[in-house]
Amino acid sequence: MMRGLVSTGAFLLTLAVAGASPAPSLLGRWKTLDDKTGEAKSIVSVYVESGELKARVDSLLPLPGKDPNRVCEKCEGERKGQRIRGMIVAWGLKPKNGVWEGGRILDPVNGKIYRCRIAADPDGKTLIVRGYIGISLLGRSQKWERVE
C-alpha cells in the first residue's frame with residue numbers, strides 16, 4: 001500500500017514538473033513604449049553580461065521633429081552629450097524570485113537615473129519595467145513589447 005502511494009506521488013510530481021513552463025526570457029529585442037502616451041520610442045536589446053542584466057538602445061524610432069541621432073543633453077557625467085543610440089540605459093540587475101532587480105535605469109529624456117526592476121509577463125511578449133526612487137511605490141512603470 002505504501003509503495004503504491006509513493007509511486008503515485010512520484011508520478012504526480014513528475015507530471016507537475018513536466019507541465020510547469022519555465023519563466024519567459026527577458027533576453028532579446030524590445031520596443032519601449034512611453035508610459036504616458038503609449039507611443040513607441042526606441043528598440044533596446046536586453047542581455048546578460050557578467051551575471052547582470054543590461055539594456056542598450058539599438059535605435060531611436062522616428063518622431064516628428066526629433067533627430068534620430070539625438071544626444072542625452074540632460075545626462076550628467078560621461079553620458080552628457082553622448083548619443084542615446086548605443087547607450088546602456090539599464091544595468092546592474094540581478095535575478096530574484098522571477099524578476100530582475102537591484103539595478104539602475106536611465107531616463108534619457110530627463111537625464112535621471114532610477115532604481116529598477118524588470119519582470120516579464122507570463123506570455124513572454126511584454127516586459128514591465130519599473131523605475132523608482134527609494135521604494136518601488138514611488139515610481140512609474142513602462143511596458144516594453146518584444147520585437148519579433
Side-chain angles (χ1 to χ4, degrees), residues 9-148:
F11 175 72
L12 291 175
L13 182 60
T14 302
L15 283 178
V17 170
S21 60
S25 174
L26 279 64
L27 307 182
R29 291 172 37 92
W30 300 89
K31 177 172 44 175
T32 66
L33 304 175
D34 186 282
D35 55 307
K36 294 175 185 163
T37 66
E39 185 175 57
K41 295 170 56 173
S42 64
I43 303 295
V44 299
S45 287
V46 175
Y47 60 98
V48 174
E49 181 177 85
S50 302
E52 71 179 63
L53 191 78
K54 295 182 177 183
R56 179 188 64 245
V57 177
D58 286 344
S59 62
L60 297 173
L61 298 175
L63 296 174
K66 296 282 185 173
D67 181 358
N69 294 310
R70 356 190 226 288
V71 298
C72 194
E73 296 171 1
K74 296 185 178 180
C75 288
E76 295 181 2
E78 65 185 28
R79 290 184 180 92
K80 183 163 186 68
Q82 297 297 310
R83 288 175 55 165
I84 297 170
R85 187 175 51 185
M87 189 177 284
I88 294 174
V89 292
W91 62 92
L93 293 125
K94 303 281 184 179
K96 183 178 179 186
N97 300 325
V99 300
W100 289 77
E101 60 184 18
R104 301 287 184 260
I105 191 162
L106 167 72
D107 181 346
V109 173
N110 65 21
K112 293 183 181 178
I113 296 173
Y114 302 94
R115 295 179 73 187
C116 180
R117 71 178 297 185
I118 300 177
D121 271 355
D123 65 7
K125 295 181 180 180
T126 307
L127 292 184
I128 305 301
V129 180
R130 181 120 182 116
Y132 57 95
I133 299 170
I135 60 172
S136 185
L137 291 173
L138 303 175
R140 65 183 213 227
S141 295
Q142 261 190 358
K143 286 188 177 183
W144 293 3
E145 296 176 346
R146 187 174 294 280
V147 174
E148 302 291 332

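The first residue in the sequence is number 1, and the count goes up from there.
For the pair Lys80 (side chain) and Glu73 (backbone), a donor-acceptor distance under 3.5 Å is present. Side chain of Arg79 to backbone of Glu76: no donor-acceptor contact under 3.5 angstrom is found. Between the side chain of Arg146 and the main chain of Gly124, a donor-acceptor pair closer than 3.5 Å is present. Between the side chain of Arg130 and the backbone N or O of Gly139 there is at least one donor-acceptor pair closer than 3.5 Å.
Scanning all heavy atoms of the two residues, the minimum distance from Ile88 to Tyr47 falls at CD1-OH, 3.5 Å. Considering all non-hydrogen atoms of both residues, Tyr114 and Asn110 come closest at OH-ND2, 3.1 Å. The two atoms that bring Ala120 and Leu26 nearest to each other are CB-CD1, 3.7 Å, heavy atoms only. When all heavy atoms of Gly111 and Cys72 are compared, the closest pair comes out as CA-SG, 4.5 Å.
Considering only heavy atoms from C-beta on, Val99 stays 4.5 Å or farther from Ile118 through its side chain. Two residues are said to be in side-chain contact when any heavy atoms from C-beta on lie closer than 4.5 Å; Ile113 and Ile105 fail this criterion. In this structure the side chain of Lys112 never reaches within 4.5 angstrom of the side chain of Leu106, judged on heavy atoms. Within the 4.5 Å cutoff, no side-chain heavy atoms of Thr126 are placed close to those of Trp144. Using a 4.5 Å heavy-atom threshold, the side chains of Asp58 and Val44 count as separate. Counting only heavy atoms from C-beta outward, the side chains of Arg56 and Met87 never approach each other to under 4.5 Å.
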- Message: Val57 vs Ile43, test: side-chain contact (heavy atoms from CB on, under 4.5 Å). Steps then yes/no.
- Response: CA-CA 6 Å; Val57 177; Ile43 303 295; over 6 Å; no
- Query: Taking it one step at a time, do Gln82 and Val71 satisfy side-chain contact (heavy atoms from CB on, under 4.5 Å)?
  - Reply: CA-CA 5 Å; Gln82 297 297 310; Val71 298; 6.0 Å; no
- side-chain contact (heavy atoms from CB on, under 4.5 Å) between Lys54 and Glu52, worked out: CA-CA 6 Å; Lys54 295 182 177 183; Glu52 71 179 63; 3.2 Å; yes
- When you look at Lys66 and Lys41, which way does the side-chain contact (heavy atoms from CB on, under 4.5 Å) test go after all the steps? CA-CA 11 Å; Lys66 296 282 185 173; Lys41 295 170 56 173; over 6 Å; no
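Each of Val129, Leu53, Val46, Leu127 was evaluated against Trp100; a single residue qualifies, Leu53, per the side-chain contact (heavy atoms from CB on, under 4.5 Å) test.
Atom CG of Asp35 is separated from atom OG of Ser141 by 8.0 Å, given to the nearest 0.5 angstrom.
A salt bridge links Arg140 with Asp107: at least one charged nitrogen is closer than 4.0 Å to a carboxylate oxygen.
Heavy atoms of other residues, nucleotides or ligands lying less than 6.0 angstrom from NZ of Lys31 number 12 at most.
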